[in-house]
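In the text below, chain A, chain B and the rest are named by the order of the sequence lines, each starting its count at 1.
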Amino acid sequence: MAELEKTYNPVDVERKWTAVWRESRVFTPDARSSEPPFTIVLPPPNITGSLTVGHALGTTVQDLLCRWKRMKGHNVLWLAGMDHAGIATQKVVERALLDRGVTKDALGREKFLEECWTWKAKYHDRIVEQLGALGASLDWSRETFTLDPGVSRAVREVFVRLYRKDLIYRDRYIVNWCPACGTAISDEEVDFVETHGKLYYIAYPFAGGGGELVVGTTRPETMLGDVAVAMNPGDKRAEALRGKMLELPLTERAIPVIFDEAVDPTFGTGCLKVTPAHDATDFLIGLRHRLDPVVVIDRTGRMTAEAGRFAGLDRRAARAQVLAALEERGLLRKIDDYDHAIGHHDRCGTAIEPYISRQWFLRMRTLAAPGIEAAKHGAVTFTPDRWGNIYLSWMENIRDWCVSRQLWWGHRIPVWYCGDCDETIVAVEAPAVCPKCGGAKLAQDEDVLDTWFSSWLWTFSPMGWPETTEDLETFHPTSVLVTGGDIIFFWVARMIMASFEFMGEIPFSTVYITGIVRDAKGRKMSKSLGNSPDPIDIVGRSGADAFRFTLMMLSPPGQDIMFDESKVDVGKHFANKIWNAARFVLGQEADVAGAAAGFGAGGSRAASVDTPAGLHEAVFGDAADADAAFGWEDRWIVSRLAKRAAELEGHIDAYRFDEASRTLYDFFWHEYCDWYLELSKAAGRQGGLRGRGASITARAVLGASMILLHPMMPFITEEIWSMLAPGRGVLAGYRFPGVPARSLDGALEADVDFFKEIVAAIRNLRQSFNIPPGKPVGVVLNCEGGRGIPARLDRFREQIGLLAKVSDLTIADGAARPPGSVAAGLSSIEIYLPLAGVVDIEAEKKRLGKDLEKITRECEKVEGRLKDARFTEKAPAEVVEQEKNRYDEMSDRRRRIARILEDLG
RNA sequence: GGGGGCUUAACUCAGCGGUAGAGUGCUAUCCUCACACGAUAGAAGUCGUAGGUUCAAAUCCUACAGUCCCCACCA
């Protein structure tokens with residue numbers, strides 16, 4: 001075997017396995033498999049750019065689940081795909097074109113779309129590379145893009161079906177309009193930003209004189225489009241003002257005073273200027289009072305002809321000029337500072353302009369009903385569960401969804417208008433002639449659909465819907481959805497609605513919401529901020545395994561994580577530790593590799609020991625040579641392995657990946673490496689059957705560890721696996737039968753804990769007295785009064801010697817304390833360590849005095865509790881029992897320390 | 001205006017009713033024949049504040065403070 005590098009170098013190893021996995025097709029499931037299905041759909045990344053650390057987190061969680069389930073014997077489909085991200089992509093492509101001095105309008109629709117496809121190809125490849133580098137076990141054979149013909153067909157089908165059910169309608173309505181992007185957007189795409197603004201008080205004189213009403217507004221420029229002034233009908237002034245008209249300043253128009261419940265009489269002056277064309281509330285008031293809107297701001301944010309002499313001005317400039325004009329006329333009564341939230345487009349940050357336009361809408365209320373029931377009854381659950389409440393409150397207050405976008409990049413709305421008879425034709429395929437008049441002058445709706453109108457079909461559209469396919473039958477509903485809390489409304493909720501509507505079932509049973517990855521300053525990592533390192537760079541520097549492990553360790557469910565690349569060192573060091581442990585184990589006698597396949601001198605043990613079950617049989621079995629071959633430490637590590645494997649399974653099932661990573665880390669580093677491998681060195685030196693037994697255990701537990709670690713750290717485990725058992729096939733495709741729970745040995749584990757305590761105490765004494773680590777010492781263990789302790793400790797002799805560098809060990813009931821020795825007291829035993837030189841009695845007294853003080857304090861606390869009748873009567877019996885045992889142990893230890901102290905005089 | 005998260009060792013975070021934990025950092029000793037991306041030992045915490053429930057509270061309840069986030073048609 002080639003000499004292994006001293007330090008693990010992930011780059012070559014990872015590249016190799018990415019290629020091997022791809023060729024092995026272990027990530028491409030067969031829809032006809034008899035194994036139980038497990039499905040995850042990858043939240044399709046936007047092709048706007050490359051992935052962030054946030055994506056790496058979600059990807060790792062999904063990959064971990066998929067690999068775990070695959071090894072557990074599931075038929076796993078992790079479906080790959082990407083999203084065309086309509087508005088976001090159109091934006092970035094436009095910007096890129098602008099850098100070349102080209103505008104999209106100059107280019108025209110067709111050419112512009114070609115540019116988008118070029119962009120898509122580039123970033124698609126980059127994202128594939130990133131996902132590969134992270135080790136994602138995605139099925140690329142089923143890869144889908146949200147503009148693929150199949151998805152497009154599904155989108156049109158859905159549109160038509162919803163239209164026929166009268167759930168989709170077209171209407172002129174006030175929508176959120178982005179003047180910069182030139183399109184309508186949905187309510188969900190509006191971010192409200194707290195802004196320091198002003199509240200302007202403007203006087204509107206009564207027509208024909210006789211006073212005025214003062215209105216308060218944050219947007220004085222919209223007054224040009226006012227059609228009324230509204231007051232609450234309960235307002236004291238109401239009766240006197242009924243039927244009154246006001247002169248709208250700066251215009252020739254007179255407007256009525258009206259009364260509407262929507263007006264808060266306590267706000268401002270209690271008078272609200274009503275501008276139906278430029279405010280959503282006012283639009284509704286306008287509808288109720290049959291007032292025609294006056295549009296004074298156009299789709300680009302400029303004042304219209306209706307704005308009179310302000311026409312052509314940008315809305316910001318118009319505000320200044322309107323205010324100046326009002327000031328001049330003495331109608332501007334007051335300006336207050338006023339903080340309020342202003343809606344901005346989440347993609348470009350432009351202030352939203354409420355705007356009346358003809359758009360397509362989807363009625364949501366009926367669609368939401370089954371989705372609400374599903375969450376309430378647990379058919380769909382959220383982890384952490386508080387997200388379920390957020391989902392429900394949104395679903396229960398759902399509003400119609402504006403699905404049309406005035407963009408080019410996206411699914412064209414499947415609606416045609418007849419130029420002859422004005423007929424509207426909604427169809428999956430483009431009609432040749434108008435079905436009503438037979439005319440051929442058909443024009444398709446110019447608009448496209450909201451991106452999410454294709455994404456919401458994501459659990460089934462890539463599997464071939466509306467056809468009934470094997471994939472749909474096998475893999476739908478999917479199992480888990482892993483995504484961020486920020487797209488619950490955009491995506492998760494809508495997928496649930498779409499799946500109920502078109503599949504008649506849930507899309508997934510569990511929604512796992514990851515935390516948000518933030519930078520060191522606490523800002524969310526995003527493409528637009530440019531504050532996320534490229535995952536590929538991190539992988540290049542530290543390795544995907546290190547990165548993945550670190551992400552899992554840092555992310556308790558639902559907690560945001562403050563990511564800093566230096567944190568990846570934890571994973572990097574761990575990978576290095578794993579590598580070196582393997583180096584050590586693999587470096588042991590070469591013939592062990594053969595022995596591992598079938599242990600036993602006379603072939604009495606043909607069972608393979610490189611599976612957890614086989615190892616159990618070998619170590620715990622009753623064959624004649626078991627006792628000679630395996631020591632207590634072998635049985636101990638196998639017992640620990642069984643325990644840790646069970647813990648790991650529990651943590652993964654509970655989506656506690658942080659706990660899972662800790663379990664693996666503690667087991668492998670602190671139990672297997674720190675204790676077991678060190679212990680096995682003694683047996684190794686002994687050689688013979690015993691030496692082989694130890695080597696076999698070391699190898700088999702290493703192998704089992706690779707299995708357990710694989711979902712989290714796929715590359716390094718695959719590499720070590722291949723060295724442990726060449727020709728066995730890839731670990732990624734290995735079916736893991738589990739570690740037998742019968743390997744557990746609680747009594748042995750308790751004894752080993754005692755052993756570890758003794759070793760630690762001796763090491764502590766050595767350090768306290770500056771005994772060089774390499775210098776052997778003699779040690780006496782006095783077990784006076786400890787029932788049967790000497791016999792129990794006897795089997796640990798050799799190992800105490802090895803791990804604490806003890807050359808001469810005496811274990812006895814009532815052993816004498818050697819002169820000139822220092823001592824430590826544990827519960828059940830005293831430890832004497834003779835020193836060659838003179839002991840500083842005073843310093844020693846001080847050290848032990850501190851120990852005694854501490855143990856006494858704790859002892860008294862427990863004693864006090866035990867003496868309290870309220871405790872002994874009310875606390876559960878097992879707690880009282882436990883406290884009693886604790887007290888016994890602590891008081892024994894206290895007695896021993898006190899005695900050692902006394903001896904010092 | 002509602003709703004939620006967070007506040008534990010210098011830092012980043014676990015623990016969520018019965019002995020305060022980890023990683024990093026720090027101190028000391030060691031290049032012990034797998035690993036200095038290492039080993040061993042150690043120092044380090046009024047568990048945000050104030051009340052309450054309980055035999056027992058970092059853990060449950062109630063306020064409050066700080067902080068971050070979501071939702072909301074008071075212009």
Among A/Phe667, A/Tyr8, A/Phe549, A/Phe547, exactly one meets ring pair (Phe, Tyr, Trp, His ring centres under 6.0 Å) together with A/Phe574. Which residue is that? A/Phe549

Separation of the C1' atoms in B/U40 and B/C35, to the nearest angstrom: 15 Å

A/Met395 versus A/Ile390: any side-chain heavy-atom pair under 4.5 Å? no

Start with the C-alpha distance between A/Asp226 and A/Tyr204, add both sets of side-chain angles, then the distance that settles side-chain hydrogen bond (donor to acceptor under 3.5 Å, both in side chains), and finish with yes or no. CA-CA 11 Å; A/Asp226 285 1; A/Tyr204 288 10; 2.6 Å; yes

Rounded C1' spacing from B/C60 to B/C30 in Å: 48 Å

Looking at B/C55, B/A34, B/U12, which one has an atom nearest to any side-chain atom of A/Leu554? B/U12

Mind checking A/Tyr338 for me? I need base, sugar-phosphate or nothing, with any heavy atom below 4.0 Å counting as a touch. sugar-phosphate

Using Watson-Crick or G-U wobble pairs with both distances under 3.5 Å, give me RNA chain B in dot-bracket, 5' to 3', with [ ] for crossers and | for pairs to another strand. ((((((((.[[[[.)..(..]]]].(((((.......))))).....[[[[[..)....]]]]])))))))....

When rounded to whole Å, the CZ to P distance for the pair A/Phe769 and B/G42 reads 13 Å

For A/Glu883, answer base if it contacts any base atom (sugar-phosphate contacts may also be present), sugar-phosphate if it contacts only those atoms, and nothing otherwise; contact means non-hydrogen atoms under 4.0 Å. sugar-phosphate

Work out how far the P atom of B/U27 is from that of B/A63, and round it to whole angstrom. 46 Å

When you measure from the side chain of A/Thr217, which nucleotide among B/A75, B/U40, B/A34 comes out closest? B/A75

Hey, does A/Arg656 reach any base, or is it just sugar-phosphate, or nothing, if we go heavy atoms under 4.0 Å? sugar-phosphate

With a non-hydrogen cut-off below 4.0 angstrom, is A/Asn397 in contact with a base, only sugar-phosphate, or nothing? nothing

Please report, rounded to the nearest Å, how far the P atom of B/A14 is from the CE atom of A/Met562. 11 Å

Regarding B/C35, can its base be found pairing with the side chain of A/Lys577 as donor and acceptor, where the two atoms are less than 3.5 Å apart? yes

Using a 4.0 Å heavy-atom cut-off, does A/Arg386 contact any base of the nucleic acid, only the sugar-phosphate backbone, or nothing at all? sugar-phosphate

Find which nucleotide of RNA chain B each of A/Tyr665 and A/Cys271 is nearest to by heavy atoms, and output the residue with the more 5' nucleotide. A/Tyr665

Nearest listed nucleotide, side chain of A/Lys572, among B/C37, B/G5, B/C55: B/C37

Starting from the C-alpha separation in whole Å, work towards a yes-or-no answer on side-chain hydrogen bond (donor to acceptor under 3.5 Å, both in side chains) for A/Glu853 and A/Thr856. CA-CA 5 Å; A/Glu853 199 184 308; A/Thr856 302; over 6 Å; no

Residue A/Asn576, side-chain atoms from C-beta onward, closest of B/C35, B/A14, B/A41: B/C35

Please report the distance separating the P of B/G21 from the corresponding atom of B/G15, rounded so that it comes out in whole Å. 15 Å

Regarding A/Lys567, tell me which of base, sugar-phosphate or nothing describes its non-hydrogen contacts under 4.0 Å with the strands shown. sugar-phosphate

Over all strands shown, is A/Gly216 touching base, sugar-phosphate only, or nothing at heavy-atom distances under 4.0 angstrom? base

Ignoring backbone atoms, test whether A/His573 places a side-chain nitrogen or oxygen under 4.0 Å from the OP1 or OP2 oxygen of B/C35. no

In short, A/Tyr200 meets A/Thr218 closest at the heavy-atom pair CE1-O, 4.1 Å

Heavy atoms only, 4.0 Å cut-off, all strands: where does A/Val862 land among base, sugar-phosphate and nothing? nothing

Just call it for A/Pro772: base, sugar-phosphate, or nothing, with non-hydrogen atoms closer than 4.0 Å on any strand. nothing

Would you call the rings of A/Tyr672 and A/Phe668 parallel, tilted or perpendicular, taking 30° and 60° as the class edges? tilted

Would you mind reading off the distance between A/Lys874 atom NZ and B/U54 atom P, rounded to a whole angstrom? 8 Å

Between B/C55 and B/A50 - P atom distance, rounded Å: 23 Å

Mind checking if A/Val879 touches a base, just sugar-phosphate, or nothing, with heavy atoms under 4.0 Å? base

Classify the nucleic acid contact of A/Trp669 as base, sugar-phosphate or nothing, counting any heavy atom under 4.0 Å across all strands shown. sugar-phosphate

Does a salt bridge link A/Glu844 with A/Arg847, judged by any charged N lying under 4.0 Å from a carboxylate O? yes

Quote, to the nearest angstrom, the C1' distance that separates B/C47 from B/U19. 15 Å

Give the rounded distance in Å between these two atoms: CZ of A/Arg583 and C1' of B/G38. 11 Å

Looking across every strand, which nucleic acid part, if any, lies under 4.0 Å from A/Lys805 by heavy atom: base, sugar-phosphate, or nothing? nothing

Relative to the 5' end of RNA chain B, which residue comes earlier, A/Asn770 or A/Asp674, by the nucleotide with the nearest heavy atom? A/Asn770

Which nucleotide in the list B/A34, B/C35, B/A75 gets nearest to the side chain of A/Leu272? B/A75

Indicate, with a heavy-atom threshold strictly under 4.0 Å, whether A/Thr7 touches base, sugar-phosphate, or nothing. base

Crowding at NZ, A/Lys756 (>12 non-hydrogen neighbours, <6.0 Å): yes

Any chance you could lay out the side-chain hydrogen bond (donor to acceptor under 3.5 Å, both in side chains) test for A/Thr222 and A/Lys273, step after step, and finish with the verdict? CA-CA 9 Å; A/Thr222 65; A/Lys273 61 189 267 315; 2.7 Å; yes

Are a donor atom and an acceptor atom from the side chains of A/Asp569 and A/His573 found within less than 3.5 Å of each other? no

Going by side-chain hydrogen bond (donor to acceptor under 3.5 Å, both in side chains), name the residues that satisfy it together with A/Glu860, two or more places apart in sequence or in a different chain. none

Ring-face cation contact, A/Tyr201 with A/Lys334, 6.0 Å cut, 45° max: yes

Mark up nucleotides 66-73 of chain B, 5' to 3', with B wherever a protein heavy atom is under 4.0 angstrom from a base atom, S wherever such an atom reaches only the sugar-phosphate, and - elsewhere. -----SSB

Using a 6.0 Å cut-off, check whether atom NZ of A/Lys567 has over 12 heavy atoms from anything other than its own residue. yes

Would you find a donor on one side and an acceptor on the other, under 3.5 Å apart, between the side chain of A/His278 and the backbone of A/Val296? yes

Which of the following nucleotides, B/C35, B/A75, B/A34, is nearest to the side chain of A/Thr218? B/A75

Atom CZ of A/Arg865 to atom P of B/U19: distance rounded to whole Å? 7 Å

From B/C55, B/C74, B/C33, pick the nucleotide closest to the side chain of A/Arg685? B/C33

Taking atom P of B/C33 as reference, at what distance in whole Å does atom CG of A/Leu802 sit? 13 Å

Describe the nucleic acid contact of A/His670 in one word from base, sugar-phosphate, nothing, applying a heavy-atom distance below 4.0 Å. sugar-phosphate

Round to a whole Å and report the spacing from CZ of A/Phe871 to P of B/G18. 12 Å

Provide the distance between the two P atoms, one in B/A58 and one in B/U46, to the nearest whole Å. 14 Å

A/Asn389 vs B/G3: side-chain N/O to OP1/OP2 distance below 4.0 Å: no

Using whole Å, what does the distance between atom P of nucleotide B/C37 and atom CG of A/Asp569 come to? 10 Å

